[in-house]
Amino acid sequence: MIKRFLILSGIAFGILLVGSSLFASIFTPQEYAARRARMMKKIPDGVAIFLGAKSRVDYNEYYQNNDFMYFTGVEVPDAILIIDGIHEESILFYTLSERGARNHGISLDYVQKPSEVTGIDKIYPKDNFSGYLEGLAEGSCVFYTSFNPEELMRECTREKLRTLQRNMVNDEWDGRPTREQQFVKLVQDRFSQVEVRDCSQMIWDLRIIKSPAEIEVLRKAAKIAVKAHNAVIKTTRPGMYEYELAALYEYMVKKEGAQDLAYYMIICSGENHPYLHYYEHDRLLADGDFLVIDVGPDLGYYDIDITVSYPVNGKFSPRQKEVYEACNAVHEACMQVYRPGLTREQCRLEVQEILEKQGHDLSKDSFQRMRGSFGHYVGMAVHDVGGGPSELKPGMVFANEPLCVFPDENLGVRVEDTILITEDGCENLTAGIPRTVKEIEAHMKKRGIVQILKRAKIY
Ligand code: GLY
Ligand code: MN
Ligand code: MN
């Protein structure tokens, strides 16, 4: 959980830590208070209710849902938050014993001095929630809550909703509502006079624009990601299994304090290139294969999205080079034009102009088959806040991800970085990966971790 991230980055991020505790939230109480204050401004006629993630029923570690984390930084299971836009205050409900806290690795501050550590004055036992809600329902106020499914580790709310609708809500042999649908129904049944409204878009509008503190965490996550990608590229050789590369990546990012991967590692090679999210890790890599690796860490609830594409033997064939360079040219041209105010259509036209000026033949199949770039938002989820930008604004973070696939040739290329829009342009958060053919080939001539261990007869 967050703890690992804080221990490892405690010195660099000292100003972000709360008081003397290493085990508190990632951000200061003031940062969370500012987020809640922005939410209050959006709901002057009501209160927003946020259900925290429930205690786990398995042996996986606890992960708070992203909205709850965004507004509180509190990782206590089964908590509830009310953001009251009428009285401009926040109320937190949870019940936590010292033993429960120790058991879950939660700081005792959440038991002994909860207001100090959270910055929320009104913190009550969970059992008080129903009575509190009854009191609010007696006033004439709107209840806001997110109708979309909570985002847990490796989840993206829109995709989760689509899947739950298919395999649960609308499955004739299941039919259960989502947790959120059930909550809305319970509230409406109990308080028929209250109007319940969806506030997902309001939360997304806040989460889309990253604060300076969030950007610092993303930069740190990006550094870890780049280092791990470079280690994996360097160690790749024909005769290795994809799962060996997956294991190394996971080791590299966790060693640096990542709590998990942001999403299950995607590795496409051979006949799997058309399946853009293929993740079986089951191919034995052969001389001549081309590889796409799409993966990033989750560090302190912030995700990174990177894809690298390269030949397993470290030397591009003429065709691999042609398709790769087309993709990389689009990637670079996009980064030249990304700036506040840019729309998708403007981006397409300006990128085209740059490529033509550079002398590229855009009628070639590598350009004709290209898609992607100007992709989805990235943040607390890898496909963050329900979509992607139509017009760029400072503080937005999204994936630049042009891709091109030729299934008949067992060839797929994707060049992906996580990009921040700044006041006057963009910053490639994940810069530092060898991206040109020359850089990749030079990088792959070096010995990677596996080769070093083998040479030393350790492995
Ligand atoms: N990492 C998944 C994607 O790029 O969509
Ligand atoms: Mn990706
Ligand atoms: Mn992506």
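Counting starts at 1 for both ligands and their atoms, in listed order. Just so you know, these numbers come straight off a predicted model, no measurement behind them. Side chains included, hydrogens not; waters and symmetry mates left out as well; all remaining heavy atoms used.
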To the nearest 0.1 Å, how far is atom 3 (C) of ligand 1 from its closest protein heavy atom, and which atom is that? His383 NE2, 3.4 Å

May I ask you to say whether Asp303 pairs ionically with Arg154, meaning some side-chain N is under 4.0 Å from a carboxylate O? no

Contacting atoms of ligand 1, where contact means under 4.0 angstrom from a heavy atom of [X]:
X: Asp294; answer: 1 (N), 2 (C), 3 (C), 4 (O)
X: Asp305; answer: 1 (N), 3 (C), 4 (O)
X: His277; answer: 2 (C), 3 (C), 5 (O)
X: His376; answer: 3 (C), 4 (O), 5 (O)
X: Glu416; answer: 4 (O)
X: Tyr263; answer: 1 (N)

Heavy-atom count check: over 12 atoms from other residues, nucleotides or ligands less than 6.0 Å from Lys223 NZ? no

Should we count NZ of Lys42 as having more than 12 external heavy atoms under 6.0 Å?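 Count over threshold, so yes.
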
So, is Arg414 polar-close to ligand 1, with some N/O to N/O distance under 3.5 Å?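 For ligand 1, there is no N or O atom that lies under 3.5 Å from one belonging to Arg414.
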
Does NZ or CZ of Arg283 come closer than 6.0 Å to the centre of the six-membered ring of Tyr278, within 45° of the ring's axis? no

How wide is the angle at the Mn ion (ligand 2) between OD2 of Asp294 and OD1 of Asp305, to the nearest 10°?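 Roughly 150°, rounded to 10°.
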
Evaluate the side chain to side chain donor-acceptor pair (under 3.5 Å) criterion for residues Ser200 and Asp198: first the C-alpha distance (whole Å), next the side-chain angles of each, then the deciding distance (0.1 Å), finally the verdict. CA-CA 6 Å; Ser200 313; Asp198 183 19; 2.6 Å; yes

Need the atom name: nearest N/O/S atom of Glu416 to the Mn ion (ligand 3).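 Minimum-distance N/O/S atom of Glu416 relative to the Mn ion (ligand 3) is OE2.
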
Can you measure from CD (Glu325) to NE2 (His331) and round to the nearest 0.5 angstrom? 14.5 Å

Glu214 and Arg35: side chain to side chain contact (heavy atoms under 4.5 Å, CB included), yes or no, with the steps? CA-CA 12 Å; Glu214 286 178 291; Arg35 296 175 187 177; 3.4 Å; yes

Would you please test Arg435 and Glu439 for salt bridge (charged side-chain N to carboxylate O under 4.0 Å, His left out) and show each step? CA-CA 6 Å; Arg435 285 298 191 192; Glu439 285 167 353; over 6 Å; no

Answer yes or no as to whether an N/O/S atom of Glu401 is found below 2.8 Å from the Mn ion (ligand 2).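 So Glu401 does not count as coordinating the Mn ion (ligand 2).
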
Strictly under 2.8 Å, is any N, O or S atom of His376 next to the Mn ion (ligand 3)? yes

